[in-house]
Amino acid sequence: QVQLVESGGGLVQPGESLRLSCAASGFTVAYYTIAWFRQAPGKEREAVSVINAPDGSTQYAASVKGRFTISRDNAKSTIYLQMNSLKPEDTAVYYCAAPAAPRVPFQIATMTARDYNYWGQGTQVTVSS
C-alpha cells in the first residue's frame, strides 16, 4: 500500500537546476523522516538529504550542501529535492525512501539504505555538456 513515485529527473548541463518530486501514498508524510538517496554507476547508494519528522529539520551530504534543498508539502504528500548548480558528479539515479517507523531521527553521517524500508522506482539525473 505504501508507494513512493519520483519524477523530475532529466538531462541538464552543468550549472543548471532540477527539482525532483516524490509523491507518497499509504502513509502520512509529516510523521516520517524521508530521505533522498542517489546511486551512480559502479558506486554504492548514498544518502544525499533527509528531512526529519515532525520538526522538519534537514541535513545534507557535504557534496551537495549549499546546492540542494529538501522540502515537503504535507498537504500534497509530496517531498521535493531542489538541485541547483548541478555538476557532472551529481549524475545518478535518485530515489526517495521512507523508514518503517515514524518519528525516527537519522543523521546523514551514519544513515544507510538499510535504514529504509520503502523506496521509489528512481529517476535518472544526468548532468553533462
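Note that the structure is a prediction, hence the values are computed from the model and not measured.
- Judged purely by atom type and a 3.5 angstrom limit, E6 uses its side chain to pair as donor or acceptor with the backbone of G122.
- Exactly one of Q82, M83, R67 qualifies for a side-chain contact (heavy atoms from CB on, under 4.5 Å) with S17. That residue is Q82.
- Minimum interatomic distance between A40 and T91 (heavy atoms only, all atoms of both residues): CB-O, 3.6 Å.
- Aromatic pair W36/F68: centroids not less than 6.0 angstrom apart.
- The neighbour count for Y31 OH, taken as heavy atoms of other residues, nucleotides or ligands under 6.0 Å away, does not exceed 12.
- I34 is not connected to V104 by any chain of hydrophobic side-chain contacts under 4.5 Å among Ile, Leu, Val, Met, Phe, Trp and Tyr, and they are in different clusters.
- Both the sub-6.0 Å distance and the 45° axial angle are not jointly satisfied by R103 relative to the ring of Y32.
- By the 6.0 Å and 45° rule, R19 stacks over the aromatic ring of Y80.
- M111 and Y118 fall into different hydrophobic clusters, defined by Ile, Leu, Val, Met, Phe, Trp and Tyr side-chain heavy atoms under 4.5 Å apart, directly or through other members.
- Remark: of the listed residues R45, E46, E44, R45 is the sole one forming a side chain to side chain donor-acceptor pair (under 3.5 Å) with Q39.
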Open item on the list: Between Y95 and Y116, does the ring-ring contact (aromatic ring centres under 6.0 Å, His included) criterion hold? Intermediate values first, please.
Closed with: CA-CA 11 Å; Y95 302 88; Y116 284 81; over 10 Å; no

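- Residues F106 and V48 do not share a hydrophobic cluster, defined by chaining ILVMFWY side chains whose heavy atoms lie under 4.5 Å apart.
- Under the 3.5 Å distance criterion, the side-chain polar atoms of D73 are matched with a main-chain donor or acceptor of K76.
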